[in-house]
There are 2 protein chains.
Amino acid sequence: MDRQTPTLSDVARRAGVSYATADRVINNRGGVAEKSVRRVRAAIEDLGYVRNVAAANLAQKRTYRFAFVIPEGPNSFFRRLRNILETARPEMLVSRVALMVESVAAFDAAALVGCLERLAEDKVDGVALVGTDDARVCAAIDALRAQGMAVLTLVADVQGARPDGYVGIDNTIAGRTAGRLLLLAHGDRGGRVLPIVGVATAHDHAERLAGMQDTLAEAGGRVTSAPLIEGRDRHDIVEAELHRRLAEDPEITAIYSAGAGNAGLVRVLARRAEGRPIVVLHELVAHSRQALETGLVDVVIDQRPEDEIQTALECLRAMADRRDLAAPAPIVPAIYLRENLPPAAEASQFGDPVHE
Amino acid sequence: MDRQTPTLSDVARRAGVSYATADRVINNRGGVAEKSVRRVRAAIEDLGYVRNVAAANLAQKRTYRFAFVIPEGPNSFFRRLRNILETARPEMLVSRVALMVESVAAFDAAALVGCLERLAEDKVDGVALVGTDDARVCAAIDALRAQGMAVLTLVADVQGARPDGYVGIDNTIAGRTAGRLLLLAHGDRGGRVLPIVGVATAHDHAERLAGMQDTLAEAGGRVTSAPLIEGRDRHDIVEAELHRRLAEDPEITAIYSAGAGNAGLVRVLARRAEGRPIVVLHELVAHSRQALETGLVDVVIDQRPEDEIQTALECLRAMADRRDLAAPAPIVPAIYLRENLPPAAEASQFGDPVHE
DNA sequence: CAAAAAATGATTGACGTCTATCTTTTTCAC
DNA sequence: GTGAAAAAGATAGACGTCAATCATTTTTTG
């Protein structure tokens, strides 16, 4: 019925060269005349040859080794990220991908660089790292790439660095999305939004904040932004500050939290006797999820780390296979209400694998 | 450093049996004493053996053949579905997956059954079909499965059938999500939502409608539901009916469209001189996207067909490989505002594949 | 034109699994 | 204990590619 897919031998025959030459071409081994290269390329085109990755991997006894470098610490988002990776690990094994998850101190550029250098020696095939803005990190990334390994930034890009790609959301878009939700929830009434960020200098939080404010402004300014709280991503600080500000400023109609430390925010809300402001926050983690379920919070904007990791893995594999992958679809923030929450991920599931 | 992954020979050696026997076990060829089966299984467990799918596929010269059965017609959602599949096809080829996209008349159970029967003869490895409720369809699905092929329902399940899985959203959840958004947009004011469905008897639209109404009711009933419009998924009917109803009932504060035919809805909105109701509708397609971008519409709830297809492909592959895949994460409806729209998909991109 | 260099050809043994065939051993019923 | 059936062992070719070696041809250079 359907004739089978062509092999490299078919290509060689069609191009009128030997298998060895065709092999030299597709594997860039060099030492091939320009004329032959062109003929092989043409034959590939004609026959629609597609390299059989399975066979190639088999011959190379290849197992992909990918490292994910994730900040450590109590931050629940990164815990979630690590969880997803751990869950994916056994499934990845089937396709011969060994996942390494490295933890480094958060915001510690030196530690991150050290980790990257170890990975460079370790000869992994690809690295995905959560970026920290720092010149040394840029240099380390360049060094890895120069060594021929694939490097992605994940969740947070590194300004100035040139990785093979960035997998994560655009924080301006995330902030604008929050702004639009706030506008929607205010209807045609006016309002006053209290923004909470980690620190105003972190470029991701700053981008979210600006995106939110721009969107409010573009809508005519009936909803305005109050002075922000810097919660340093710590729930105790967020709790204290927020408590104070809400008492101080009764005009607040909404809260937008661009960063972490939302457990403190939830505590303040839970204590309120009556009517609460509209609340929009980021990242679906245990406490934000629960707050959504109990109605303490209206909306959670999530960057869907599952998607990010899947996309990252796809990119890393494509690069390791020397395939050209169409640039991955940018990851767009997801909006969760209590009604469309994804099923809670198990902490870890050890279903016994069945081999048969 | 890391010792290499064990092969089936290692398993056989460890189990104290021949390679042939180990092979008989993992491939269920039968004719193996219970005792030996247990020993092989134990060895697999001990060594953490994972069947090398690449090698297996190579040996079998396997190309997966999967068919997607999609209703034909002008419906832009199914056009989108088909587009996604066509775009995925070349990428899938790399992993040796041949995608077939079959079109059958919409809502035509007989045509669907005919198509499934052809596929049964065609010996494809798996089928994903958009369900149509019908006893004959159930029977056809069972017949395919009895023949050992993997069958998934996609987007719409078939009531009474027992496919290997359903990949699509829960329409009740989708409707509840719409309800929550409507509540959010009404704030603490009252309102009156005008629902539009295709036909009230279609169970998917009915589920969405009920979900929306339930959510409104649970919130205390300050926002109510007006009598619905049956637009039969046709934009001309939707346009005429909606126009009439809006003129008739000035109390309408919101529109919820659970089905298709939204081009007509958008036309009505575009003609309105001033203030429009809150609008929530389903499926991100060309005109709904544009309506969102131009501010004619507030929210689009989308079932993310890209995800659905990816999940479906994953499931089909897993089943074809005789792997046990953890049940795929149910697909949750996505909420799009004009700010978080994913980049528009190219109609079709024919970037020349680079082989090297 | 000869020598050196470059390009090409020819061939081979992995890689891990599948599939098939054939032989040998064990088990079981009678 | 004999014979048949069941179970197990042994082995080999194929799948498509990679990586390496060595021989041969063509091209370039002085």
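Each chain gets a letter, A, B and so on, in the order the sequences are listed, and its residues count up from 1.
OP1 or OP2 of D:dA19 lies within a sub-4.0 Å distance of a side-chain N or O belonging to A:Q60. In this structure, B:R51 does not reach the C:dT17 phosphate: none of its side-chain N or O atoms is under 4.0 Å from OP1 or OP2. At the phosphate of C:dT19, neither OP1 nor OP2 sits under 4.0 Å from any side-chain N or O atom of B:Y19. A sub-4.0 Å separation between OP1 or OP2 of C:dG16 and a side-chain N or O of B:T7 is absent. Applying the 4.0 Å criterion to OP1 and OP2 of C:dT8, one finds that A:R24 has every side-chain N and O outside that range. For the pair B:T21 and D:dG9, the criterion of a side-chain N or O lying under 4.0 Å from OP1 or OP2 is met.
Across all strands shown, A:N57 has no heavy atoms under 4.0 Å from either base or sugar-phosphate atoms. A:G30 comes within 4.0 angstrom of no nucleic acid atom, judged by non-hydrogen atoms across all strands. Contacts of A:A20 with the nucleic acid, taken as non-hydrogen atoms under 4.0 Å apart, include base atoms. Nucleic acid contact class of A:A33 (heavy atoms, under 4.0 Å, all strands): sugar-phosphate only.
Both B:L58 and B:K35 lie close to DNA chain C; mapped to their nearest nucleotides by heavy-atom distance, the more 5′-ward contact belongs to B:L58.
Judged by distance alone, the side chain of B:Y49 and the main-chain N or O of B:T5 form no donor-acceptor pair under 3.5 Å.
Using a 4.0 Å cut-off between a side-chain N of Lys or Arg and a carboxylate O of Asp or Glu, B:E45 and B:R38 do not qualify as a salt bridge.
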